[in-house]
Amino acid sequence: MGEGAILAKCGVAHRSVSWPEGVRCRNRGRGGPVLSGGRAATGAMLKALFRQGGRSTMLELRPSCEHCDKPLPPDSTEARICSFECTFCADCVAHVLQGVCPNCGAGFVPRPIRLASGGVADNDLAHYPASSKRVFKPVDPLRHAALLAQRKASA
Ligand SMILES: [Zn+2]
Ligand SMILES: [Zn+2]
């Protein structure tokens with residue numbers, strides 16, 4: 001872990017902020033984020049760390065299929081995602097998209113389940129809720145057919 005890395009975090013910030021990758025809470029219930037050396041982290045320090053560490057460390061768990069709008073709750077075994085987390089139901093991936101994401105052109109994997117509660121170190125839906133932001137962007141069949149043909153030709 002580099003200089004100034006956050007070694008501990010807890011409380012309200014724990015719940016409302018996405019932390020850089022690799023950061024773990026080791027100081028639960030004792031106030032705000034703490035840097036190596038035990039100093040409290042300032043807002044500017046945190047912002048810098050966030051820029052370095054990237055944005056979210058977890059999936060959004062979008063609520064529905066982008067094509068047919070079918071609900072895909074966090075415990076659904078039918079949700080499929082691409083590496084950008086474009087989210088579709090298994091039916092649409094198999095029969096409409098033929099395994100190809102219309103937004104990035106790559107493939108899908110089953111979306112993992114996040115526990116509702118009782119997750120290790122509070123890593124569960126109660127502390128990291130699923131997204132409620134619905135993405136509904138039905139696929140244009142002609143455009144998708146063209147994408148599939150293009151991929152076949154270059155395969
Ligand atoms: Zn669907
Ligand atoms: Zn995609």
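Reckoned from all heavy atoms, side chains included, excluding hydrogens, waters and symmetry mates. Order of appearance sets the numbers: ligands from 1, and atoms from 1 within every ligand.
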message: Is the shortest side-chain heavy-atom distance between Phe88 and Cys82 below 4.5 Å?
response: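 Phe88 does not reach Cys82 side chain to side chain.
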
- prompt: Sub-3.5 Å donor-acceptor pair from the side chain of Arg111 to the main-chain atoms of Arg62, do we have one?
  reply: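 It does hold such a pair.
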
query: Is there a donor-acceptor pair under 3.5 Å between the side chain of Arg80 and the backbone N or O of Gly107?
result: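 The answer is no, because no donor-acceptor pair under 3.5 Å joins these two groups.
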
- prompt: Can you name the nearest heavy-atom pair linking Pro102 to Leu97, along with the distance?
  reply: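 Smallest interatomic distance, heavy atoms only, reads CD-CD2, 3.9 Å.
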
- prompt: Do you know which two heavy atoms are closest between Leu147 and Gly105, and how far apart they sit?
  reply: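 Closest heavy-atom pair between Leu147 and Gly105: CD2-CA, 4.4 Å.
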
task: Using a strict cut-off of less than 4.0 Å between a Lys/Arg side-chain nitrogen and an Asp/Glu carboxylate oxygen, indicate whether Lys70 and Glu78 qualify as a salt bridge.
output: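 The answer is yes: the pair qualifies as a salt bridge.
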
message: What protein N/O/S atoms are there under 2.8 Å from the Zn ion (ligand 1), waters excluded?
response: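 Protein N/O/S atoms under 2.8 Å of the Zn ion (ligand 1): Cys65 SG, Cys68 SG, Cys89 SG, Cys92 SG.
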
- request: Please work out the angle at the Zn ion (ligand 2) defined by atom SG of Cys104 on one side and atom SG of Cys101 on the other, rounded to 10°.
  value: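 Angle SG(Cys104)-the Zn ion (ligand 2)-SG(Cys101): 100°, rounded to 10°.
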
